[in-house]
**Q** 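Provided herewith is a single structure, encoded as structure tokens, for subsequent inquiry.
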Amino acid sequence: QVQLQESGGGSVQSGGSLKLSCAASSDTFRRDCMAWVRQAPGKEREGVAAIDTDGSARYADSAKGRFTISRDHAKNTIYLQMNTLKPEDTAMYYCAAGSWCPAEPYVASWNEYNYWGQGTQVTVSS
């Protein structure tokens, strides 16, 4: 059974930082593209960043220059370091896994993930 467990969400002020973590079952982590997807209230789901099994990362425009996705093979864990947070980053952040990683222009809209975590809330106040 595939398991994805997020942690690290919280409340910060604008300009602050947070680091999200997602622990995955080992089979998923070894073979799948891993990603962070967020959904704000009343808005559609939006991809933030994705990372392939070889460590190649790709980002949505909203995340470029501020967010960094990484994966630790020893811990079967991916991370999302979020800096210079803005109120519009407020959302539930989900960890996701799928067979294919989207090319960078499609990171925001890509929804072809097979597995999802429960989500962790990020709230940024102005």
**Q** Does Tyr94 have Arg45 sitting over its ring (NZ/CZ under 6.0 Å from centre, angle to axis within 45°)?
**A** yes
**Q** Strictly by ring pair (Phe, Tyr, Trp, His ring centres under 6.0 Å), give each pair with a member in residues 49-83 just once, sequence neighbours left out.
**A** Phe29-His73
**Q** Within a reach of under 6.0 Å around NZ of Lys64, are more than 12 heavy atoms found that belong to other residues, nucleotides or ligands?
**A** yes
**Q** Going hydrophobic residue to hydrophobic residue with side-chain gaps under 4.5 angstrom, can you get from Ile69 over to Tyr93?
**A** yes
**Q** When you measure from the side chain of Glu44 to the backbone N and O of Gln39, does any donor-acceptor pair fall under 3.5 Å?
**A** no
**Q** Say whether, by atom type as modelled, one donor and one acceptor occur between the side chain of Thr90 and the main chain of Val124 under 3.5 angstrom.
**A** yes
**Q** Could you tell me whether the side chain of Glu6 and the main chain of Cys95 form a donor-acceptor pair under 3.5 Å?
**A** yes
**Q** Taking the side chain as every heavy atom from C-beta outward, state whether Val37 and Glu46 have any pair of such atoms under 4.5 Å apart.
**A** no
**Q** Following the transitive rule for hydrophobic clusters with a side-chain heavy-atom cut-off under 4.5 Å over Ile, Leu, Val, Met, Phe, Trp and Tyr, establish whether Met34 and Trp100 coincide in one cluster.
**A** no
**Q** Mind listing the closest non-hydrogen atom pair of Ser126 and Pro87 along with its distance?
**A** CB-CG, 3.9 Å
**Q** Determine whether Ser17 and Lys19 satisfy the following criterion, side chain to side chain contact (heavy atoms under 4.5 Å, CB included), listing intermediate values before the conclusion.
**A** CA-CA 7 Å; Ser17 298; Lys19 186 173 184 178; over 6 Å; no
**Q** Nearest 0.5 Å, what's the CD-OG distance between Glu88 and Ser14?
**A** 7.5 Å
**Q** Work out which heavy atom in Ala35 is nearest to a heavy atom in Tyr113; give both atom names and the distance.
**A** CB-OH, 3.3 Å
**Q** With the side chain counted from C-beta on, respond yes when Tyr115 and Ser25 share a heavy-atom pair under 4.5 Å apart, and no when they do not.
**A** no
**Q** Contact between Met82 and Asp89 at the side-chain level, heavy atoms closer than 4.5 Å - yes or no?
**A** no
**Q** Same cluster for Val12 and Val122 if Ile/Leu/Val/Met/Phe/Trp/Tyr side chains link at under 4.5 Å?
**A** yes
**Q** Between atom CG of Leu80 and atom OG of Ser70, what is the distance when rounded to the nearest 0.5 Å?
**A** 8.5 Å
**Q** Under a 4.5 Å side-chain heavy-atom rule over Ile, Leu, Val, Met, Phe, Trp and Tyr, are Leu85 and Trp36 clustered together?
**A** yes
**Q** With side chain to side chain contact (heavy atoms under 4.5 Å, CB included) as the test, would you mind laying out the steps for Val107 and Val48 before giving the verdict?
**A** CA-CA 7 Å; Val107 168; Val48 175; 6.0 Å; no
**Q** Could you check whether any side-chain N or O of Asp72 sits under 3.5 Å from a backbone N or O of Ala74, counting only pairs where one atom can act as donor and the other as acceptor?
**A** yes
**Q** How many angstroms lie between atom CD of Gln121 and atom CZ of Arg38, to the nearest 0.5 angstrom?
**A** 11.5 Å
**Q** After noting the C-alpha distance and the side-chain angles of Lys86 and Arg66, does the key distance pass the side chain to side chain contact (heavy atoms under 4.5 Å, CB included) rule?
**A** CA-CA 10 Å; Lys86 306 174 182 179; Arg66 300 189 300 128; 3.8 Å; yes
**Q** Enter the distance from Ser56:OG to Glu104:CD here, rounded to the nearest 0.5 Å.
**A** 10.0 Å
**Q** Output, in order, the C-alpha distance, side-chain angles, deciding distance and verdict of side chain to side chain contact (heavy atoms under 4.5 Å, CB included) for Ser99 and Asn114.
**A** CA-CA 8 Å; Ser99 301; Asn114 304 116; 3.5 Å; yes
**Q** Measuring from Arg71:CZ to Cys22:SG, what's the distance to the nearest 0.5 Å?
**A** 10.0 Å
**Q** What distance separates Asp32 CG from Leu4 CG, expressed to the nearest 0.5 Å?
**A** 9.0 Å
